[in-house]
Structure formats: structure tokens, C-alpha cells
2 protein chains.
Amino acid sequence: MPKLIKTETGEKLTRQREAVLGVIREREDHPTANDIFEAARRRLPGISYATVYNSLRFLKEAGLVHEIKFGDSASRYDRETDRHDHALCSQCGKLVDFDLPQAAELMKAAARRSKFKPESVHLTLKGVCPDCCK
Amino acid sequence: MPKLIKTETGEKLTRQREAVLGVIREREDHPTANDIFEAARRRLPGISYATVYNSLRFLKEAGLVHEIKFGDSASRYDRETDRHDHALCSQCGKLVDFDLPQAAELMKAAARRSKFKPESVHLTLKGVCPDCCK
DNA sequence: ATTGAGATTTAGACTAACTCTAAATCGTAG
DNA sequence: CTACGATTTAGAGTTAGTCTAAATCTCAAT
């Protein structure tokens, strides 16, 4: 019996990678690499900063986590790997996932306009979140 | 007659700011701050890096240029300041503007799903540009 | 059980893209 | 012409992430 669990495609899920994945999976929000580093260090005290980045790249490539990059500041990581969109609160910075069911049509419409062969679409809504609305 | 032209809202368009704006307006593409710095230096040899950044912030706040930030690397600047969307080529990195006429409805749909009070929507299409399709 | 090749992890140096700071300079109101 | 606030400048600092090379780990073959 191998010590390391493997992903479906046979890659090694080392202790460090498991810790990083665990951190992302147990959080509802969208932590930055640094948030993940700090949380991972609680599980695996010796883990290094570089390893968190290596693991994030690995997990991303394995399709186990999703990276979200808005212009401002650091990348955020998302346990939700299916296609989805994001709403960003202009007051508090909260980032919320949602899905627009018409995404497939949208992609076609965008492809027609831009003349690109479409691969994916992503929609960002900026606005005020329910909490900040009060 | 004042030496410095002013914007509609009365702020000063200094020589440096004019040079930066000129660079952005004469280009069809979406230059990075560094591209702009290099081109601006050809017009105004002494201009500093910091001033290009200051000017970009100023012009952005004055609504004269638009900043586009994709996750990867540097911000790009756009002379088109009306609402619009972007298509990004996954092969060559080319960035193209287009506009989806249904944007207003889209924003409402996204607001319903996310429960946010909407302010703006932006759509990103990833795909292959016409040139790279061949 | 040992060994060795390759994968992985580590610390810390390095980089890119900005941002900040404090001093110098500029432009305009008086 | 002068003074004051706004702007510009050079260069130091910051942030987020990447790179490097040495150490360590894992697995498979002895």
C-alpha cells in the first residue's frame, strides 16, 4: 500500500499538497496564498512558503482547485472548480460565487462579437453585497 | 491664457500627463505601464517612471483612460473608456475590445443570482483570436 | 533491508510591478 | 516678483510570487 494517496490521474498527493487542499476545502471564502500558507502551517508546521505555491500550482493543474485573479492584489483560491462567475463587493471586498445559467449562450454571443474561437467566459459583477447594503 | 490645458472638471493636464494620454490615445493596442513609460520618454525625455504611474492614476480618475487588469502580470491601459468587454487570446495573448449589447440585462441577471446591488459587469472571453486560428 | 533515481521540499535570493518618500521644481494667484 | 500648493523626480521600499540549488523523501529494484 503506497504511503501517498494519488489523484485520479496518478499524481502524488503528498502530505504538503493534502494540507493545502484541505485548507482550501474547509473554507467557505476565497483565501489568498498567504492565508493558505498560514493555515497550512498550523496543520504541518514545517511547510514552506514555496511549497504552498508549488502545491497550489500542482492542485490547479490537477483540476482540484481554481485560481481567481482580480486585478487588485493577490490571487485567491476557490474549492469550486466548475465554471462559475464572481460578484465582488465594492465596499468590503467580499467575493461571492454564483453561476449564470445562460453562460453557454453568452459565450457564443461574445465569440460572434469578438471573432474569437471561444474557450471560456467569465463574468464579474461589481456591486454591494447584501451585508453592506444595510 | 493659462499654460496648462485643464480637463472638463478643471484639473491640470500637465505636460507629463498629456504625454501619457497621448501615448495611450495613439495606440490601438493595450499597452502596459512600462510600454507607456518607454513611449512617453520618447516624447518627453526626462519623464520618470513614477510620474507615468502618477499620471495613469490621475487620468484614470479623470475618466480619460481605462485600466484593465487580468490576473497575469501587468495592468494594461485602454483609451476606450465606455463600458466594454474583453477577449483574450490564449495563444498569443492579444487583447481585443468588444461590447455585448445585452450587458444591462446581464447585470440584472447576475444581480439576481448573487443578491448584490449591481454597479457594473464585465465579461471576459478566453479563446483563440482570428490570427491564431489559422 | 538497502540503494539509487527521480520527485518533492526547503530556505532564501531574486524579480516584476508597483507604491512611497522627501526633496526639487513648476505654475499661478496675489 | 514672490510664495504657496501642486507636481515631478530619483531612488528606496513593498508585495506577491518565482527561481535555485541543496537536502529530503518515495518507490521500485535489488
Side-chain angles (χ1 to χ4, degrees), chain A residues 1-7 9-24 30-41 43-62 64-65 67-77 93 95, chain B residues 1-7 9-24 30-41 43-62 64-65 67-77 93 95:
Chain A
M1 175 165 31
K3 268 200 188 158
L4 296 179
I5 299 161
K6 305 217 176 176
T7 63
T9 46
E11 288 125 326
K12 283 172 211 133
L13 239 201
T14 61
R15 231 156 0 100
Q16 289 85 344
R17 290 169 181 175
E18 251 192 294
V20 168
L21 181 57
V23 167
I24 296 170
H30 299 83
T32 63
N34 199 64
D35 296 337
I36 295 167
F37 172 53
E38 290 180 357
R41 217 164 26 172
R43 297 177 170 229
L44 214 58
I47 197 169
S48 81
Y49 194 73
T51 299
V52 169
Y53 273 100
N54 290 343
S55 299
L56 287 170
R57 180 177 325 118
F58 170 85
L59 293 168
K60 218 166 44 180
E61 278 163 15
L64 295 168
V65 307
E67 182 178 11
I68 316 156
K69 303 190 185 183
F70 286 106
D72 314 74
S73 71
S75 276
R76 302 176 161 273
Y77 293 86
L95 188 57
Chain B
M1 172 164 36
K3 268 202 191 156
L4 296 180
I5 298 163
K6 306 217 173 175
T7 63
T9 48
E11 290 126 326
K12 283 172 210 130
L13 238 201
T14 61
R15 231 157 358 102
Q16 289 83 346
R17 290 170 181 174
E18 253 193 292
V20 168
L21 181 57
V23 167
I24 296 170
H30 300 83
T32 63
N34 199 63
D35 295 338
I36 295 166
F37 172 53
E38 290 181 356
R41 215 161 31 169
R43 296 176 171 231
L44 214 59
I47 197 170
S48 82
Y49 193 73
T51 298
V52 169
Y53 273 100
N54 291 343
S55 299
L56 287 169
R57 182 179 321 119
F58 169 86
L59 294 168
K60 217 167 46 181
E61 278 162 15
L64 295 169
V65 307
E67 183 179 10
I68 317 156
K69 303 188 185 184
F70 286 106
D72 314 74
S73 70
S75 277
R76 304 180 158 269
Y77 294 85
L95 188 57

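Here is the naming used below: chain letters follow the sequence lines, and residue numbers restart at 1 for every chain.
- Considering only side-chain N and O atoms, B:Y53 lies under 4.0 angstrom from the phosphate OP1 or OP2 of C:dC18.
- Per the geometry, CZ belonging to B:F58 stands 11 Å off C1' belonging to D:dA6, to the nearest Å.
- Between the CG atom of A:L56 and the OH atom of A:Y77 there is a distance of 4.5 Å, given to the nearest 0.5 Å.
- Look at CG on A:L13: it is 14 Å from C1' on D:dT26, rounded to the nearest Å.
- For A:D35, the side-chain hydrogen bond (donor to acceptor under 3.5 Å, both in side chains) criterion is met by A:T32, not counting sequence neighbours.
- Applying the salt bridge (Lys or Arg N to Asp or Glu O under 4.0 Å) criterion to B:R43, with sequence neighbours excluded, gives B:E26.
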Sub-3.5 Å pairs of nitrogen or oxygen atoms, protein against nucleotides 9-11 of chain C:
{"unit_1": "C:dT9", "atom_1": "OP1", "unit_2": "A:T14", "atom_2": "OG1", "d": "2.4"}
{"unit_1": "C:dT9", "atom_1": "OP1", "unit_2": "A:Q16", "atom_2": "OE1", "d": "3.1"}
{"unit_1": "C:dT9", "atom_1": "O3'", "unit_2": "A:Q16", "atom_2": "NE2", "d": "3.2"}
{"unit_1": "C:dT10", "atom_1": "OP1", "unit_2": "A:G46", "atom_2": "O", "d": "3.3"}
{"unit_1": "C:dT10", "atom_1": "OP2", "unit_2": "A:S48", "atom_2": "N", "d": "3.1"}
{"unit_1": "C:dT10", "atom_1": "OP2", "unit_2": "A:T51", "atom_2": "OG1", "d": "2.5"}

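- Between the C1' atom of D:dG17 and the OH atom of A:Y77 lies a distance of 9 Å, rounded to the nearest Å.
- When each of D:dA6, D:dG17, D:dT18 is scored by its nearest atom to the side-chain atoms of B:K12, the top-ranked nucleotide is D:dA6.
- Whole-Å rounding puts the A:N34 CG to D:dG17 P distance at 9 Å.
- In this structure B:T51 satisfies the side-chain contact (heavy atoms from CB on, under 4.5 Å) test together with B:Q16, B:I47, B:S48, B:S55, sequence neighbours excluded.
- Between B:S75 and C:dC18, a side-chain N or O to OP1/OP2 separation shorter than 4.0 Å is present.
- A straight line from NZ of B:K69 to C1' of C:dC18 spans 10 Å, rounded to a whole angstrom.
- Residues satisfying the ring pair (Phe, Tyr, Trp, His ring centres under 6.0 Å) criterion with B:F70, sequence neighbours excluded, are absent altogether.
- Taking the side-chain hydrogen bond (donor to acceptor under 3.5 Å, both in side chains) definition, one finds that A:K69 meets it with nothing, sequence neighbours left out.
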